[in-house]
Amino acid sequence: MSVRDRFPIFQKKTYFNSCSQGALSVEVQQAYAQYLKDWDEKGSPWELWVERSETARQAFAGLINADANEVADCTSVSAGVSALASALDFGGERNQVVVSDFEFPTVGQIWHAQAARGARVVHVPAAGNIIPTERFAEAIDERTKIVSITHVCYRNGSKLDIPAIVELAHRKGALVLLDAYQTLGTMPIDAKALKVDFLAGGVLKYLLASAGLAFLYVRKEFIPDLRPTSIGWFSQANIFAMDIYANTPSPTARRFESGTPPIPSIYAGIAGMKLIQSAGLEKIEAHLREITGAIKEGAMRRGFNLASPVDPAKHGALITLRSHKVDLLVKRLEADGVITSSRDNNLRLSPHLYNDQRDVDVLMDCLAKHKDLLV
Ligand SMILES: Cc1ncc(COP(=O)(O)O)c(C=O)c1O
């Protein structure tokens, strides 16, 4: 069975919306069936389910070259980042949070919520469809506690220069949180080589699973001194101690976890991550470079306006086109069997390992048909 054949949606649709939700594979379907089977046949197999959580943690650690002890299983990026924020002290001189204007709203909102605890949020504005690294240099100084950056912008596909920003932040003694949701599963990501201090992401997009499972990576050296206050019984050193008289955080990144893990999503997440690992991230990256290249080339040849940068080094797996009636365009494409999405006035086209040139041809024919909606 080819990779594409594992995703039944392609029998009926042209799917280009992996930046929002990865397509459903046979493997993920089977994983959900297995969860129901285990529940049905075993009753309440919590030992197995805790073991599944550990397998998910290890799978994610393997994807980003981290140690499993540096990974917290979370129910969303929001939960992981909130736990992290709750562990940071904004009481002193170093109380500034530098946030790129490309962040997903949840991240900006969580940092603004820390204003009640003394944090001061500084935004780094975009210049057109990019944020020049110099703008980070202007914003980061000795008062910066943490720099919060996304790898690829969910609105326009623009990719930040992570190593350069990390270097700027560390030179001033600031920490770095990378939101890798839009790149995980599309390219090799090595948290150690990138030298980020924290990394967050989830499984429902390019990791090919579904809602309910995300992860927070915390660099080993920082774990002992960070004591989150947004916690739960799964964050404790001994989950089953059932101690109501004390908070005894796990010595590992599990201290950033909360309550009962999302077991069904964990079954699916393991299956999704396995598919990605067996396809190989270098191969996926090379394939996506080809497909995004074909989309850009086809769009520019037809005179459509790219909202993403043209330079392949400056965008992710998401290519965006400007439209003056983007909601209508998404609907018309859907009626043609082409699944896309939008943010701002941008049509979002996000291929993955399962898309090929046939899909690009179908997409281009449909876009040409609706060119009145593309500026
Ligand atoms: C870059 C990025 N961060 C975070 C999220 C979502 O975070 P959460 O898991 O909290 O819903 C998304 C998309 O939904 C995203 O694109």
Side-chain angles (χ1 to χ4, degrees), residues 16-23 56 60 63-64 71-86 97 99-114 123-124 126 129 131 146-160 162 165 176-187 189 191 194 196 198-217 228 230 256-259 261-262 264-266 268-269 272-273 288 307-308 315-320 339-344 346-352:
F16 271 115
N17 199 21
S18 305
C19 68
S20 174
Q21 170 68 65
F60 187 77
L63 274 178
I64 62 164
V71 172
D73 290 352
C74 305
T75 50
S76 63
V77 161
S78 307
V81 175
S82 284
L84 170 64
S86 79
V97 182
V99 179
S100 95
D101 266 358
F102 280 169
E103 295 315 294
F104 193 78
T106 206
V107 173
Q109 290 154 4
I110 290 166
W111 293 125
H112 278 284
Q114 308 312 311
H123 285 263
V124 184
N129 60 7
I131 306 182
I146 187 163
V147 177
S148 185
I149 42 177
T150 191
H151 207 165
V152 161
C153 176
Y154 75 104
R155 282 182 279 127
N156 65 11
S158 191
K159 191 171 174 194
L160 294 178
I162 305 304
I165 300 167
V176 178
L177 164 66
L178 177 65
D179 178 351
Y181 218 145
Q182 291 291 339
T183 44
L184 283 163
T186 69
M187 58 182 280
I189 293 180
L194 286 173
V196 294
F198 314 107
L199 181 150
V203 298
L204 89 149
K205 302 174 193 294
Y206 300 93
L207 291 181
L208 300 173
S210 62
L213 179 63
F215 300 95
L216 176 71
Y217 155 81
S230 170
F256 294 90
E257 294 186 10
S258 174
S265 311
I266 284 172
M273 287 187 279
L288 285 172
S308 311
H315 67 71
L318 168 61
I319 299 297
T320 53
I339 310 301
T340 62
S341 59
S342 69
R343 294 285 183 216
D344 299 341
N346 299 339
L347 176 70
R348 300 195 301 173
L349 305 166
S350 46
H352 203 354

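Starting from 1, each residue takes its place in the sequence as its number. Counting starts at 1 for both ligands and their atoms, in listed order.
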- Task: Mind checking side-chain hydrogen bond (donor to acceptor under 3.5 Å, both in side chains) for Asn17 and listing every partner two or more places apart, or none if nothing turns up?
- Result: Ser341

- Item | Polar side chain donor-acceptor pair, Ser18 to His352, under 3.5 angstrom | no

- Ser265 side chain to Ala211 main-chain N or O, any donor-acceptor pair under 3.5 Å? yes

Donor-acceptor list for residues 75-82 side chains, cut-off 3.5 Å, not counting sequence neighbours:
unit_1 : atom_1 : unit_2 : atom_2 : d
Ser76  : OG     : Ser78  : N      : 3.4
Ser76  : OG     : Ala79  : N      : 3.0
Ser78  : OG     : Thr106 : OG1    : 2.6
Ser82  : OG     : Ser78  : O      : 3.0

- side-chain hydrogen bond (donor to acceptor under 3.5 Å, both in side chains) partners of Ser158, counting only residues at least two apart: none

- ligand 1: protein residues within heavy-atom distance under 4.0 Å: Ser76, Val77, Ser78, Phe104, Thr150, Tyr154, Asp179, Tyr181, Gln182, Lys205

- Measure the shortest side-chain to side-chain distance between Phe102 and Ile149 over non-hydrogen atoms and say whether it is less than 4.5 angstrom. no

